[in-house]
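Take a look at the structure set out below.
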Number of protein chains: 2
Amino acid sequence: MAREAMQKLTQWEDVRYFLAVVRQGSFSGAARALATDQSTVSRRIALLEHALGQPLFERGPRTVRRTPQAEALLDAAQAVERAVLAMEDAASRAEAEPRGRVRIALTEGLAQHVVVPRILPGLFAAHPELAIDLRTGDEVLDLARHEADVSVRFFRPARGELVGQRVARLPLAVLVAKRARKRWAGRSIGELPWTSYVKDDLETPESRMLARLGVGRTRLACSSVETQLAAVRAGLGVAVAPRALTLALPDLAALDLPEAPDLGTLELFVVTRAALRKVPRVAVVYDALVEALRALDPSRAEV
Amino acid sequence: MAREAMQKLTQWEDVRYFLAVVRQGSFSGAARALATDQSTVSRRIALLEHALGQPLFERGPRTVRRTPQAEALLDAAQAVERAVLAMEDAASRAEAEPRGRVRIALTEGLAQHVVVPRILPGLFAAHPELAIDLRTGDEVLDLARHEADVSVRFFRPARGELVGQRVARLPLAVLVAKRARKRWAGRSIGELPWTSYVKDDLETPESRMLARLGVGRTRLACSSVETQLAAVRAGLGVAVAPRALTLALPDLAALDLPEAPDLGTLELFVVTRAALRKVPRVAVVYDALVEALRALDPSRAEV
DNA sequence: TGCATGCTATGCAAAGTTGCATGGCACGCG
DNA sequence: CGCGTGCCATGCAACTTTGCATAGCATGCA
């Protein structure tokens, strides 16, 4: 070891570790984010501190606090990261064939019911050297930070270096298991066995909708949409969800409410980084997503 | 090994290798510049090419040619380097005490006769934690690229992020060994046994001066000023050099030419990067250099 | 107060990386 | 035209770095 203290970054790699610790707030967290071990983070940060000749973090058993020196370096470190990410994009731009890996960030439902069965088969067949990472989950991955290449989500993306489009407007409906349909037909809104999706008590389009209908806290609340739908298919209750879901799940049907309120629509967006839009491997994925997801939009389908 | 081809820079360190190969034009040269082995460069470039999914260099036995892909990445890579260098400067700015290492680029003569005997003793005594790298040589080290922190040279530095000042104007004189002085006293310019400093056939202030005096190719030409001065001290000839050298080398004296032409002056500059000027460890060195070198200027000394 | 939890630091064996030595190859010089 | 030189690729041993397991510590909760 024994790098001398001379204010020289002899290991550019360490900048990545520094940023991870700052963002995660702990060595352990940084290790998880970097897919490495906590001990490695600890040692590399120690080395970096020695190389720069100044302490960067105050280690506490419960927490890691940045020193003022670390604070002063943050901007510069982020500039390094931006430059590296820009270089990655520049590298992508040079490729000619759709090959390599594309990471798609999307919801579990879109992945299972649309992307996997309807899009991937054709994509893999058409481009043998293309590989796909499906990153499902509720956390919003940061396209700008290269956590994913393409994102399919139900909200308009933050702008910046991102480009994208709305591919479908999906009317919401009250979904119910077909075999339980007649049991609740004709009931009023207040009498229906509502289920809801609740994650960290955050507001969702669906929760806003329920509130608008006058439905309060539901008897069954799920922290994942999939579990919620499983409950509906088991006949436990009804859920507000895109009507288009009945295409993918034939044992579900829309329930016509007597009051017939407008349940609103979800807007589906496909987004990527501007620098990647023309990159072959991304372009084929992006285009396939847009084409297939447009078909979900009933207003478009009817035309 | 086995990083997958997915256009991701998993090893930021590799950017440094990429740039070194581009600049040196060969893996071996890059290895020398990076103080590592040629085999390491070869392997890391191969890894980088695989990680980016595209070839960067065409290997020939005699030469390495960049591919168009490498060309496209050059700007981005340099941006990464600039960001890293900026981060190093930011790290320096955070230090409070003059400690660490300062690299001074200067000529052999200035190092031996001025900096080492007159400046370093006081500097080391005043700042126990300060370390100095004296980088002598004729190649001009690049301050902007962090090859040195402070430079003492006989020409005005390229501007940019550099700051500095002229610390002395040193009149040139014809120097001769004292014990040989009377041998050549009174001789005309053309009759004197001139010596010269010739390096790669480049023009120097001294060579311009000789040409102006009408002196052509000299009998003794040296590729280092020190050797040339050794020859003069040995009584082999005379040399055009700053008159102030007689202060450091008492066995030399200035020879008064009968024609007494104006031999001109050399201008001595001390330069550093703007970002470092206020950094304690650099500031104490810079200030000591300026103060001591000013004393070499006769016009100032007489005041 | 005592226990459970999540954090960092460190010893140690395994894995990865480096440097050296070698081989092959093309160009330039005598 | 052969030889010398400088270049890149690769095998192998020494070294360095990594990941796992452990120990120590402070905080929060019962």
Side-chain angles (χ1 to χ4, degrees), chain A residues 1-6 8-67 69-70 139 200, chain B residues 1-6 8-52 54-67 69-71 139 200:
Chain A
M1 211 57 20
R3 305 189 219 151
E4 195 190 351
M6 62 179 291
K8 274 213 97 184
L9 266 172
T10 46
Q11 294 273 358
W12 294 10
E13 198 63 15
D14 289 344
V15 180
R16 184 214 291 279
Y17 284 77
F18 171 73
L19 281 174
V21 173
V22 168
R23 287 183 183 135
Q24 307 300 324
S26 76
F27 289 9
S28 311
R32 281 187 292 273
L34 295 171
T36 182
D37 194 84
Q38 160 265 135
S39 61
T40 300
V41 176
S42 169
R43 283 184 281 235
R44 293 200 77 143
I45 293 292
L47 248 33
L48 178 62
E49 289 175 318
H50 188 255
L52 295 178
Q54 46 194 267
L56 296 173
F57 299 101
E58 280 172 21
R59 284 88 158 153
R62 199 82 189 153
T63 180
V64 164
R65 247 191 318 279
R66 308 171 217 168
T67 62
Q69 289 95 330
E139 330 85 272
D200 299 337
Chain B
M1 211 60 19
R3 305 189 221 152
E4 196 191 351
M6 64 177 290
K8 274 213 98 185
L9 267 171
T10 45
Q11 294 274 356
W12 296 11
E13 197 64 15
D14 289 345
V15 180
R16 183 213 292 280
Y17 284 77
F18 172 72
L19 281 174
V21 172
V22 168
R23 288 184 182 132
Q24 307 299 324
S26 76
F27 290 9
S28 311
R32 282 187 291 273
L34 295 171
T36 182
D37 194 85
Q38 159 263 136
S39 61
T40 300
V41 176
S42 168
R43 281 184 282 234
R44 293 199 77 143
I45 293 292
L47 247 33
L48 177 63
E49 289 175 319
H50 188 253
L52 295 178
Q54 47 195 270
L56 297 173
F57 299 101
E58 278 173 21
R59 284 90 159 151
R62 199 82 189 154
T63 181
V64 164
R65 248 191 316 279
R66 308 173 220 168
T67 63
Q69 289 94 328
E71 218 64 62
E139 331 83 89
D200 298 335

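Because the structure is a prediction, the values reported are computed rather than measured. Protein chains get the first letters and strands the later ones, always in sequence-line order, with residue 1 at the start of each.
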Name the pairs: protein N/O against N/O of nucleotides 7-13 of chain C, kept only if under 3.5 Å.
from, atom 1, to, atom 2, distance (Å)
C:dC7, O4', A:Pro61, O, 3.1
C:dT8, OP1, A:Phe27, N, 2.5
C:dT8, OP2, A:Ser28, N, 2.9
C:dT8, OP2, A:Ser28, OG, 2.4
C:dA9, OP1, A:Arg59, NE, 2.9
C:dA9, OP2, A:Ser42, OG, 2.6
C:dA9, N7, A:Gln38, OE1, 3.0
C:dA9, N6, A:Gln38, NE2, 3.2

Exercise. Taking only residues at least two apart or on different chains, which pairs with a member in residues 20-48 of chain B satisfy ring-ring contact (aromatic ring centres under 6.0 Å, His included)?
Worked result: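 Passing the test, one end in residues 20-48 of chain B: no pairs.
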Problem set entry | Residue pair B:Ser26 / B:Gly29: nearest heavy atoms and the distance that separates them |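 For B:Ser26 and B:Gly29, the tightest heavy-atom pair comes out as OG-N, 2.7 Å.
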When the distance from [atom1] of [X] to [atom2] of [N] is rounded to whole Å, what number comes out?
| X | N | atom1 | atom2 | answer |
| --- | --- | --- | --- | --- |
| A:Gln11 | D:dT18 | CD | C1' | 14 Å |
| B:Glu58 | C:dA26 | CD | P | 15 Å |
| A:Asp14 | D:dT16 | CG | P | 17 Å |
| A:Arg44 | D:dG19 | CZ | C1' | 14 Å |
| B:Glu13 | D:dT16 | CD | C1' | 14 Å |
| B:Tyr17 | C:dT17 | OH | P | 12 Å |

For this session: State which residues pass side-chain hydrogen bond (donor to acceptor under 3.5 Å, both in side chains) with B:Gln69; sequence neighbours excluded, sorted by chain then number.
Result: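 B:Gln69 satisfies side-chain hydrogen bond (donor to acceptor under 3.5 Å, both in side chains) with B:Thr67 once adjacent residues are dropped.
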For this session: Could you list the residues that satisfy side-chain hydrogen bond (donor to acceptor under 3.5 Å, both in side chains) with A:Glu58, not counting sequence neighbours?
Result: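 Counting only residues at least two positions away or on another chain, A:Glu58 forms no side-chain hydrogen bond (donor to acceptor under 3.5 Å, both in side chains).
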Exercise. How would you list all residue pairs meeting side-chain hydrogen bond (donor to acceptor under 3.5 Å, both in side chains) that involve residues 28-42 of chain B, not counting sequence neighbours?
Worked result: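 Counting only pairs at least two positions apart or across chains, the side-chain hydrogen bond (donor to acceptor under 3.5 Å, both in side chains) contacts touching residues 28-42 of chain B are B:Asp37-B:Ser39, B:Ser39-B:Arg43.
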Contacts under 3.5 angstrom, residues 16-23 of chain A side chains, donor-acceptor by atom type, not counting sequence neighbours:
from, atom 1, to, atom 2, distance (Å)
A:Arg16, NE, A:Glu13, OE2, 3.1
A:Arg16, NH2, A:Glu13, OE2, 3.4
A:Arg16, NH2, B:Leu9, O, 3.4
A:Arg16, NH2, B:Thr10, O, 2.6
A:Arg23, NH1, A:Glu81, OE2, 2.9
A:Arg23, NH2, A:Glu81, OE1, 2.7

